[in-house]
Amino acid sequence: MLQMLEGRSLPPLLEREAMLQILQSEVYGKLPGRPEELTFSTVEENLFRNFCAGKAVCSKLTANCMVNGRAFSFPFYATLPTSGNNHPFFIHINFRDWIPDRYMPTEELIDNGFAVLSFSYEDVTADNGDLTNGLAGILYENGSRQKGDAGKIAMWAWAAQRVMDYAATRGDLLDLESAVVCGHSRLGKTALFAAAMDERFAFAYSNDSGCSGAAITRGKAGERVKEIYTRFPYWFCENYQTYIEREAAMPFDQHFLVASIAPRRVLIGSASEDIWADPVSEQLCCLAASPAFPLGFVGPDRPASAGEAFLEGDIGYHLRKGPHYFSRADWQRLIQFVSLHRGR
Ligand code: GCU
């Protein structure tokens with residue numbers, strides 16, 4: 001038994017399908033299905049003249065979906081390199097639709113050979129308890145949400161899948177074997193869930209995702225089910241509240257989420273001052289999910305020091321010094337991880 005895992009008594013990993021069933025019915029709710037129809041339209045091509053000094057073109061598009069017989073659309077952005085092809089690419093679930101953005105150093109991503117597709121999560125459905133707006137309003141007409149139905153994390157993950165649907169039409173420029181879904185904090189939880197559910201994502205990156213994301217809940221410091229569900233009940237399905245102060249009874253822990261991404265690759269990023277998310281419990285998740293991967297976590301059985309990164313295994317972990325933030329330094333670790341594993 002690894003020393004770091006002592007005292008956490010985690011449920012053993014199950015087959016991927018069984019873990020996904022549990023995570024959906026108990027935590028995030030059932031992921032909405034593919035839209036009945038889906039088309040993409042260009043709102044504006046080449047938004048910024050000479051963008052990235054001419055190395056990329058950024059366009060605004062819309063995903064036009066038919067869901068439950070009703071039309072629903074949301075905007076997203078594609079920033080594609082102007083030269084070369086076969087580019088690995090990020091699908092960044094962002095807090096804003098800005099390009100570049102303080103959480104997205106676009107030119108640097110382009111300079112490293114990546115393309116980036118991004119959208120602002122609240123263009124899908126607002127980050128509040130109102131279940132009548134955006135996608136939520138279409139799924140839950142007349143407040144019809146049932147206990148195991150999708151919460152908003154699942155809806156944002158669904159939107160990341162639609163952006164992946166668009167990417168799949170751009171095999172002329174993109175390496176469809178190197179799709180990376182990523183996000184910070186609540187959107188890191190979302191990125192992990194999207195990757196767990198959809199095997200087209202070859203890589204997932206969660207940055208400071210913490211409780212109900214990459215951190216093991218049992219024995220966790222900072223936020224736990226009670227705190228998160230009290231403030232953000234609508235992120236989850238209603239069943240999740242049954243585990244408030246009953247975490248030992250959960251038939252899962254967050255290593256199920258990370259293990260469901262196997263045999264694909266996942267990188268977990270923490271920040272040393274982010275006690276609310278709890279870096280140690282995030283690293284633990286890597287250790288606990290490790291057996292699901294061909295080459296699991298390759299790193300020491302002790303908490304990382306600030307600045308350390310363990311990138312060799314199919315599950316990587318890095319700990320940035322500093323506070324809760326999706327920083328350039330985090331992106332650089334992600335670029336390193338993808339570049340190392342891509343094509344391996
Ligand atoms: C809150 C919440 C966290 C979440 C974070 C964020 O702090 O408690 O669970 O990750 O917001 O999304 O920034």
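Indexing begins at 1, ligand by ligand and atom by atom, following the structure's order. Only heavy atoms go into these numbers, but all of them, side chains included; no hydrogens, no water, no symmetry mates. FYI, the numbering just counts along the sequence from 1.
The ring of His92 has its center closer than 6.0 angstrom to the ring center of Phe326. A centroid separation of less than 6.0 Å is found between the aromatic rings of Phe114 and Phe90. Proximity of the aromatic rings of Tyr28 and Trp235 is defined here by a centroid distance below 6.0 angstrom, and this criterion is not met. In this structure, Phe89 has its ring center at least 6.0 angstrom away from the ring center of Phe203.
A side-chain donor from one of Ser41 and Asn64 sits under 3.5 Å from a side-chain acceptor of the other.
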Check ligand 1 for N or O atoms under 3.5 Å from a protein N or O and list each pair with its distance.
residue	atom	partner	partner atom	Å
ligand 1	7 (O)	Trp276	NE1	3.2
ligand 1	8 (O)	Glu223	OE1	3.1
ligand 1	8 (O)	Glu223	OE2	2.4
ligand 1	8 (O)	Trp276	NE1	2.8
ligand 1	9 (O)	Lys189	NZ	2.8
ligand 1	9 (O)	Glu223	OE1	2.6
ligand 1	9 (O)	Glu223	OE2	3.4
ligand 1	10 (O)	Ser185	OG	2.6
ligand 1	10 (O)	Arg186	N	3.4
ligand 1	10 (O)	Lys189	NZ	3.1
ligand 1	11 (O)	Arg186	NH2	2.9
ligand 1	12 (O)	Ser185	OG	2.8
ligand 1	12 (O)	Arg186	N	2.9
ligand 1	12 (O)	Arg186	NE	2.5
ligand 1	12 (O)	Arg186	NH2	3.3
ligand 1	13 (O)	Ser185	OG	2.8
ligand 1	13 (O)	His324	NE2	3.4

Distance-only donor-acceptor pairs under 3.5 Å for side chains of residues 261-270, two or more places apart:
residue	atom	partner	partner atom	Å
Arg264	NE	Ile261	O	3.1
Arg264	NH1	Ala195	O	2.8
Arg264	NH1	Asp198	O	3.0
Arg264	NH1	Phe201	O	2.8
Arg264	NH2	Ala195	O	2.9
Arg264	NH2	Ser260	O	3.4
Arg264	NH2	Ile261	O	3.4
Arg265	NE	Asp314	OD1	2.9
Ser270	OG	Glu282	OE1	2.5
Ser270	OG	Tyr317	OH	2.9

